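First the structure, in the form of structure tokens, and then the observations on it.
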Amino acid sequence: MSRLDATLELLSELTRWPSVAGQLSSQRGLAAWLEQWMVEQLDASVIYPVAAQTDNSPPLVHVRIDNGSAKTVVLYNMYDVMPADDAGWDVPPFVGGVCHWDDLGAVFVGRGAENNKGPVAALLVLLRELQQNQQLDFNIEILLEGEEEIGSGALRRYLAQQPCPIAPAEAVLFPSLCEYGGGAPRVYLGFTGLASGRLSVSGGAWGGPSSAIHASNAGWIANPAWRLVQALDAIAPAAHSGVLACNATDDEANQLLATLAAEFSIDDELQFRRSQRLMIEGDTLSCLQTLLCSAVLTLAELHSDPPGGRGVIPFRASAELAFRIPPGFDQDAMIEAAQQRLAQPDLAGSELQLFDRYPGVRFSRSASGVDALIASYQTLGATPQIWPWAPGCAPAYAFAAVAPAFLIGGLGHGGNAHAVNEFVTLAGLERFQQSMSLWLNAFNDSAIGRVAPHQGNTAVHKNIGNTQ
């Protein structure tokens, strides 16, 4: 069986598990299946058995491949995916299969094909091949989680233990398809922080209705839904589309962004993301600075109780939201400012409940693993974009005591993550494996120009107020 056929076979198996948030049975089943596969196929040792973990949250999968080395590389990934139904898909999203599209050729379509079951399957097949051929002379820690889409709470609590269950390593990599939309791959030297939660307004706490009442009373009875709108606008003015504040970029970030801006196309970026219009004006550099340096409150869902009551005044209204706060901001101070504003008398009845949170983080351009990632792209004919940090969120901070850098990387073209007809091209899966093979082999003792091992981060871990 060819490497590609083996990858498609494994990806098909992973796809059939609907491992979305809330479906704990499926998530636990997939986690146990992955653990067993790595024990049998990679001769891995289980560090944190799935069977020993509680039943009330998606389990972590942590295994170790011990090649008898003094150095280690950590591979992090996720097995959870976003929800999907069959409407609009070329193949059922939790069945998956190969399709032939006029513009992209052969693609595998299924939920998680790009984000992130495709990379998981491709990497595991590659690791099996490299291990069987004795091509890796370092140890590998593999950590897979089932909560990446909702904040990585269990993962961060696990890594915050003293001592950390993962010893100091050369680097941490989040293998992913980074030729977004088929464009240039990106190297991010940091990640944005995330604090997810819910803002609720209950009527009984401030003179509004304590139970649903007929909407004919709207002329003289206060409505919690309107108070919710008022509260949201008070902490994140709607006129600014949720932007809370902007920081100026420092000299290092400005240098990286100036180089990036010379080749970056906003039009191409918005076409890929299917946006209707840009919310800011200015040249490419200023738009990139605004994108990266804006702390934003994003809204995911708005609810009222009772639901669907068009003819009633609800007794409660709520918003599912997230603070997305880049490196350089004081996350705690920003959230505290929002809570203080909500505590004012004019917003009585408003309550902000935080589910989970982690801060943004930056690391050095010279950190271990960065040059190897860039070199893997260049060897395969790709010129990467180097960003001072990502506008997206990832639990990079959790690995600060493990390695000097938390990288997301890998070539390959996929798309429609979180949307209908999520896909990865078959050529993209092969290209991804080629780039991962180059990056991994850079840590072998025979590799030229290998950087010195990381000795661990001696900084004291800050308690970041995990409330989940």
Side-chain angles (χ1 to χ4, degrees), residues 60 62 72-78 80 115-116 119 141-161 164-176 178 185-196 247 252-253 256 291-293 295-296 322-332 356-374 384-410 439 454 456-466 468:
L60 292 171
H62 182 190
T72 296
V73 169
V74 179
L75 300 174
Y76 156 84
N77 224 301
M78 54 189 280
D80 58 321
N115 185 26
N116 228 48
E141 301 263 0
I142 301 175
L143 199 57
L144 308 177
E145 67 155 318
E147 294 181 313
E148 196 277 341
E149 298 289 4
I150 57 172
S152 305
L155 170 76
R156 292 184 291 105
R157 289 190 292 274
Y158 181 64
L159 293 178
Q161 296 179 95
C164 181
I166 299 180
E170 305 281 323
V172 179
L173 182 71
F174 182 3
S176 299
C178 292
R186 299 178 181 181
V187 175
Y188 295 123
L189 303 179
F191 292 88
T192 297
L194 179 71
S196 59
N247 263 355
E252 179 182 359
L256 291 170
L291 173 69
L292 288 184
C293 297
V296 184
F323 295 86
R324 305 175 72 90
I325 302 179
F329 284 97
D330 185 334
Q331 184 190 68
D332 292 340
D356 226 332
R357 60 197 288 190
Y358 55 82
V361 66
R362 293 179 69 178
F363 47 85
S364 170
R365 166 67 180 80
S366 61
S368 176
V370 177
D371 279 338
L373 185 60
I374 293 172
Q385 300 173 352
I386 303 177
W387 293 58
W389 60 84
C393 305
Y397 182 85
F399 291 92
V402 175
F406 177 96
L407 294 162
I408 184 169
W439 188 81
H454 176 51
N457 189 338
T458 58
V460 177
H461 252 291
K462 178 184 177 185
N463 186 329
I464 57 174
N466 184 358
Q468 183 168 303

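Source: prediction; values computed, not measured.
- Atom CG of residue L292 and atom CG of residue N247 lie 12.0 Å apart, to the nearest 0.5 angstrom.
- Taking all atoms of both residues into account, the shortest heavy-atom contact from A405 to A367 is CB-CB, 3.7 Å.
- Judged purely by atom type and a 3.5 angstrom limit, S364 uses its side chain to pair as donor or acceptor with the backbone of S366.
- Each of E145, R157, E147 was checked for a side chain to side chain donor-acceptor pair (under 3.5 Å) with S152, and the lone residue meeting it is E145.
- Between atom CD of residue Q385 and atom SG of residue C178 there is a gap of 11.0 Å, rounded to the nearest 0.5 Å.
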Test ring pair (Phe, Tyr, Trp, His ring centres under 6.0 Å) on W389 and Y188; report intermediate values, then the result. CA-CA 5 Å; W389 60 84; Y188 295 123; over 10 Å; no
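- For F406 and F191, the gap between ring centers is short of 6.0 Å.
- Residue H62 holds its NE2 atom at 9.0 Å from CD1 of I142, rounded to the nearest 0.5 Å.
- Scanning all heavy atoms of the two residues, the minimum distance from A171 to G369 falls at CB-CA, 4.3 Å.
- I374 has its side chain within reach of I386: a pair of non-hydrogen atoms, C-beta onward, lies under 4.5 Å apart.
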Apply the test side-chain contact (heavy atoms from CB on, under 4.5 Å) to residues L60 and L155: give CA-CA distance (whole Å), side-chain angles for both, the deciding distance (0.1 Å), then the verdict. CA-CA 7 Å; L60 292 171; L155 170 76; 4.0 Å; yes
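- Closest heavy-atom contact between S368 and L407: O-CD1, 4.5 Å.
- At a threshold of 4.5 Å between non-hydrogen side-chain atoms, the residues W439 and L173 count as touching.
- You'll find the side chain of L75 stays beyond 4.5 Å of the side chain of E141, heavy atoms only.
- Without hydrogens or angle criteria, Q331 side chain to Y358 main chain gives a donor-acceptor distance under 3.5 Å.
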Can N77 and E148 be said to form a side-chain hydrogen bond (donor to acceptor under 3.5 Å, both in side chains), step by step? CA-CA 9 Å; N77 224 301; E148 196 277 341; over 6 Å; no
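- R156 places a side-chain N or O within donor-acceptor distance of the main-chain N or O of R357, the cut-off being under 3.5 Å.
- Here the closest non-hydrogen pair linking A403 and V172 is CB-CG2, 3.8 Å.
- If you take CZ on F323 and CZ on F329, they are separated by 13.0 Å, rounding to the nearest 0.5 Å.
- Of the possible donor and acceptor atoms, none in the side chain of T192 sits under 3.5 Å from a partner among the backbone N and O of C393.
- Using a 4.5 Å cut-off on side-chain heavy atoms (C-beta onward), L256 and L189 make contact.
- The closest side-chain heavy-atom distance from W387 to V187 is not below 4.5 Å.
- You'll find the side chain of V402 stays beyond 4.5 Å of the side chain of P168, heavy atoms only.
- Nearest heavy-atom pair, L143 versus I166, reported as atom, atom and distance to 0.1 Å: CD2-CD1, 3.9 Å.
- Within the model, atoms CD1 of I408 and OG of S176 stand 3.5 Å from one another, a figure rounded to the nearest 0.5 Å.
- Side-chain atoms of N116 come within 3.5 Å of backbone N or O of P175 as a donor-acceptor pair.
- Here the closest heavy-atom approach between residue F363 and residue P404 is recorded as CB-O, 3.3 Å.
- E170 places none of its side-chain heavy atoms less than 4.5 Å from the side chain of V74.
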